[in-house]
Amino acid sequence: MSDALLTVDHLNVGFATKAGIVQAATDITFEIYPGEVLAVVGESGSGKSVTALALMRLHPDNTIVTGDVRFEGRDLLNMSDREMRATRGNDIAMIFQDPMTAMNPVFAVGDQIVETIRVHDSSVSKQEAWTKSVDLLKLVGVPEPKQRASQYPHEYSGGMRQRAMIAMAIANDPKLLIADEPTTALDVTVQAQVMEVLNEVQAETGSAMMLITHDLGLVAGSADRVQVMYASRLMETGTIDQIFYESQNPYTMALLDSIPDLDGLKEQLEPIPGNPPSLLNPPSGCAFRPRCAFAADVCAAEVPVRVRVGDQHESRCARTHELETLVGVTS
Amino acid sequence: MCVTVSQNLVLVYTSTDRSVATLFAYVTRRVLISVPLLVIAMYLVHVGVSATVDPRSDFYLCLPRCQEGFDSITETYALDTNIFLRPFTYFASLFSGDGLGFSSSVGEPVGEVMRTRGWNTAMVAIPAFLLGAILSLLLSVYSARRQYSFGDYFFTSLSFIGFAMPSFVLALIIQVIFGVKLEEWFGIKPFNTGRKTGENFWELLRDITLPAVSLAILGIAADSRFGRSSMLETLNQDYIRTARAKGLTERTVVWKHALRNGLIPLVTLWALGFSALLSGSVVTESIFSWPGIGQTFLRALGDSDLDLLMAIVMFTGVLTVVFNLIADVLYGVLDPRIRLG
Amino acid sequence: MATEFEIDSQTDEMLETTMELGIADVEGLSEKPKTFGQLARERFFGHKLAIVGGIGLILLVALFWLGPMLSEWEFDERNVADRLLGPSAEHWFGTDEIGRDLFVRTAKGGLYSMRIGLIAAVVATVTGTAFGALAGFFGGVWDGIVSNLVNLVLTVPAIIVLSVFANKFGASAIGLALVLAGLLWTRIARVVRGVVLSIKEQEYIMAARAAGASNSRIMFRHLLPNIVGAIAVEVTLLIGTVIVLESTLSFLGLGVKPPNASLGTLVADAKGDIDSDPIRVLTPGIFIILIVLCVNFLGDGLRDALDPRAKGSDSSEAKNAKKAAKKARKQLGKQGPGYIAGARTDRSSIGKI
């Protein structure tokens with residue numbers, strides 16, 4: 001625990017709205033270790049992006065964040081604004097989902113990378129920073145980086161833009177990279193390329209990565225550990241093998257059942273019936289209960305606690321120990 | 001803040017030669033489109049003014065007695081020519097060096113009148129423009145950052161009233177307070193509300209303050225509403241979040257990233273609003289007895305002074321087209337998506 | 001499911017969150033979605049300013065219309081002996097320099113201004129809609145011509161152009177109204193063109209075409225309802241603009257001329273005595289402000305009612321969310337250490353300088 005890069009303890013994020021407080025992330029507890037890739041998986045609205053934004057203190061007005069978040073031992077949520085600014089883009093960097101809207105349209109791409117460099121190290125001259133930004137663009141695979149650096153975001157293609165965003169994020173060798181759905185806004189053919197760049201970059205710089213996605217396929221190719229979120233809570237965490245092959249959580253299992261298997265081992269795709277619950281008026285007990293194949297009375301009584309089911313493997317399910325017998329052989 | 005503003009300007013131009021070349025091409029394109037527009041505008045202006053202003057209006061009652069006077073005016077203004085052909089004779093004589101004609105209401109050549117009065121108007125209008133631009137910018141940023149604060153509500157209310165207030169009412173209120181009441185209550189008269197008096201700089205300043213402020217205020221109300229919503233929209237964009245995520249100070253985020261985008265529509269509004277200053281001048285000059293183009297325009301209208309009127313309205317037409325052009329060009333300069341589109 | 005619900009700021013995640021959550025109607029948290037008309041009406045009447053504006057306008061019209069009937073004086077009745085009196089029980093607003101009762105003149109002047117405003121608005125709307133629809137629907141050359149014309153007219157110095165025409169045609173109410181409409185139709189045209197352009201591209205038009213609908217059918221069944229919503233706001237605001245312009249022209253001596261009177265001419269009449277009797281000068285002006293304010297409030301309410309997102313972050317939804325946040329802030333604190341983004345008491349860097 002003490003050598004973790006990032007520890008998140010009982011993080012809660014709520015939005016104040018006309019109708020009350022919408023709890024978008026509830027009781028989130030996890031760690032990220034140096035150099036590892038943690039994938040955070042869940043449907044839209046499960047709270048995964050919300051968690052990430054809370055770490056960077058990027059939430060808009062009237063967001064209520066409580067909990068204990070420590071990065072290299074420092075208290076992220078309560079540190080001064082100046083310290084936070086020094087951390088952002090420097091120790092912790094974030095890559096957003098839509099690169100078109102995430103870059104300022106009126107500044108050249110190179111200038112935006114230069115800005116990242118110089119705000120954290122004012123001793124770097126403009127010339128040096130520009131050279132470095134060209135190098136970074138080359139590193140992430142942007143063709144003709146020297147010309148491209150002078151161009152504007154709208155002159156890049158979607159994949160190139162995301163590469164440029166990655167370049168901007170790694171400019172200061174961050175210890176933690178948060179990638180929020182980095183490929184969702186891209187064409188399928190481009191997605192693989194960008195993920196490749198991301199993986200390479202992460203491996204080379206040795207930074208840890210928090211990969212947020214709803215695409216289990218991406219997870220399989222990149223992650224060391226996985227945590228699954230549903231309706232603002234963590235459902236299951238474990239190593240990639242544990243999650244994919246030894247899942248002890250009905251939601252995870254249902255997710256796995258619902259995706260196609262390119263090896264052709266599945267005979268039928270099983271979509272999860274029903275809809276995600278209202279975060280304003282959640283059902284009592286386990287949030288997944290209305291859609292769960294294994295729901296029982298014990299599930300309605302109260303929200304299940306997280307239970308250790310293996311080394312580094314935890315699941316939030318009231319019936320987690322019974323699941324093996326209920327399911328038979330897990331696929 | 002001045003540093004970041006100048007940084008912005010530098011950023012615009014230091015990218016590459018390529019960028020300047022495309023800018024030049026863009027500007028040329030807009031200029032070429034404006035030329036035919038200008039020609040059409042001037043033609044329409046001439047026909048329009050000729051159709052509505054008749055310098056012989058006083059003479060109809062005294063015919064046939066004053067036939068001579070009637071005929072001489074008809075000749076001077078070529079009133080026998082077909083109205084749709086007259087613009088050509090007008091411009092022909094203009095370019096052949098005959099000038100803009102003679103003003104019957106002022107008693108001087110039109111060119112002379114335009115020059116002296118025009119300068120007077122500029123003396124009030126340009127400070128009004130600068131004041132308006134700076135204040136509306138500051139107000140826009142302030143209101144957007146402090147949305148729903150007391151200050152924001154206060155200024156929003158003020159601008160509501162500003163939208164409902166005709167400029168002459170505002171000017172009269174200002175005149176009452178600063179011209180009449182201030183003297184009455186406090187015995188001081190810091191600003192002049194009469195004609196243009198002083199020859200030295202400070203007197204001049206006292207003279208132009210009230211009309212300039214009066215001219216500027218309503219524009220500020222309108223522009224700041226617009227700027228506020230533009231800034232609000234900009235501040236909600238994803239790239240602002242990215243800028244924060246990079247570790248930039250809030251100051252840099254607002255004054256560099258947000259303003260640079262939010263300003264674009266505002267700046268074009270200023271360019272277009274410049275010609276509105278001329279409209280406003282008609283009213284303020286009338287109320288503050290300022291001898292500018294506006295006041296002259298009213299007099300010329302009353303006297304059916306065709307040459308002067310024609311010149312003034314032509315001038316406003318030209319100004320309109322020119323400022324539309326400037327607004328277009330500015331848009332291209334500020335937003336690379338437009339010029340590289 | 002209605003998703004009018006929108007929290008103060010718009011990160012994709014949040015919007016996604018609320019949409020995914022199936023929050024149908026936050027007011028009563030009921031599951032039954034409301035029709036557009038119901039929601040619009042709700043928003044309109046929840047818009048306090050609009051109600052104030054509406055009531056104000058009714059009161060003003062009542063005052064202007066019924067007032068003179070209750071007064072014993074006529075519009076043009078002169079009693080030179082009683083000139084320049086201040087307000088009294090006999091002459092509620094006092095008298096002018098030739099002894100005419102000012103209240104009756106102000107009231108009738110107000111009505112005259114309003115009448116011109118309405119006529120001009122109607123003419124401008126019809127013309128503007130026609131041209132705007134033409135430009136938007138047929139595009140190409142037509143759009144080019146109309147758009148350039150509109151842009152030019154919109155940016156021309158209004159008073160100068162209007163003055164020239166008002167001097168000749170402005171003596172009658174209709175004449176003046178037509179002159180004003182001749183300039184202001186462009187505002188309507190711009191809005192209509194925008195609406196038509198945006199709808200033209202939408203898929204349900206293509207679907208209708210694919211089903212074989214003719215051009216005119218498309219125009220009437222699909223475009224018209226949307227246009228009405230957009231123009232309603234613009235027309236309301238236009239009336240205010242007309243009144244302001246008309247009173248300015250009348251003040252300058254153009255436009256309305258004796259024996260007619262409008263609020264603008266009344267100000268001009270009183271201007272000479274501004275040193276001794278500033279109130280008489282400003283009173284008609286105040287009425288102009290009141291009329292236009294009420295009209296603008298109505299327009300604002302309409303805009304909020306018909307398209308709450310049109311004003312961006314300024315809609316009543318956003319404001320309510322802000323208020324709710326304040327309330328929630330008070331209840332908070334029990335969850336443990338943390339912060340509230342944007343609040344004055346927190347340590348977040350968001351929202352501060």
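Chain identifiers are assigned alphabetically (A, B, ...) following the order of the sequence lines, protein sequences preceding nucleic acid strands; residue numbering begins at 1 within each chain.
The side-chain heavy atoms of F160(B) and L293(C), taken from C-beta on, include a pair separated by under 4.5 Å. Annotation: side chain of L298(B) is in contact with side chain of L254(C) (closest heavy-atom distance under 4.5 Å). Residues I159(C) and F297(B) are not in side-chain contact: their nearest non-hydrogen atoms beyond the backbone lie 4.5 Å or more apart. Side-chain contact check for V176(B) versus I274(C): some heavy-atom pair is nearer than 4.5 Å. Two residues are said to be in side-chain contact when any heavy atoms from C-beta on lie closer than 4.5 Å; F169(C) and T52(B) meet this criterion.
With a threshold of 4.5 angstrom between heavy atoms, L162(C) does not approach chain B through any atom at all. Only the side chain of V267(C) comes within contact range of chain B, with at least one heavy atom under 4.5 Å from a heavy atom of that chain. Both the backbone and the side chain of I160(C) come within contact range of chain B, with heavy atoms under 4.5 Å apart. Of the two parts of I173(B), the backbone and the side chain both hold a non-hydrogen atom closer than 4.5 Å to a non-hydrogen atom of chain C. Only the side chain of V281(C) comes within contact range of chain B, with heavy atoms under 4.5 Å apart. Of the two parts of A327(B), neither the backbone nor the side chain holds a non-hydrogen atom closer than 4.5 Å to a non-hydrogen atom of chain C.
The two residues I288(C) and P166(B) have their closest heavy-atom pair at CG2-CG, 3.6 Å. N324(B) and N151(C) make their closest contact through ND2-O, 4.2 Å (heavy atoms, listed as atom of the first residue, atom of the second, distance).
Put simply, CG on L152(C) and CG on L38(B) are 9.0 Å apart, with the number rounded to the nearest 0.5 Å.
In this structure, I286(C) places its CD1 atom where more than 12 heavy-atom neighbours from other residues, nucleotides or ligands lie under 6.0 Å away. Dense packing is recorded around OH of Y239(B), with more than 12 heavy atoms of other residues, nucleotides or ligands lying under 6.0 Å away. Atom CZ of F315(B) has 12 or fewer heavy atoms from other residues, nucleotides or ligands within 6.0 Å. Other residues, nucleotides and ligands contribute only 12 or fewer heavy atoms inside 6.0 Å of the CD1 atom of I279(C).
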Does F163(B) form a side chain to side chain contact (heavy atoms under 4.5 Å, CB included) with D300(C)? I'd like the steps, not just the answer. CA-CA 12 Å; F163(B) 276 123; D300(C) 217 51; over 6 Å; no

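Considering L249(C), T248(C), L252(C) as possible partners of F168(B), the one that fulfils the side chain to side chain contact (heavy atoms under 4.5 Å, CB included) test is T248(C).
Put simply, the side chain of T155(C) never gets that close to the backbone of L272(B): no donor and acceptor are under 3.5 Å apart.
Taking chain B as the reference chain and counting heavy-atom pairs below 4.5 Å, the highest number among I289(C), N296(C), V244(C), I291(C) is found for I289(C).
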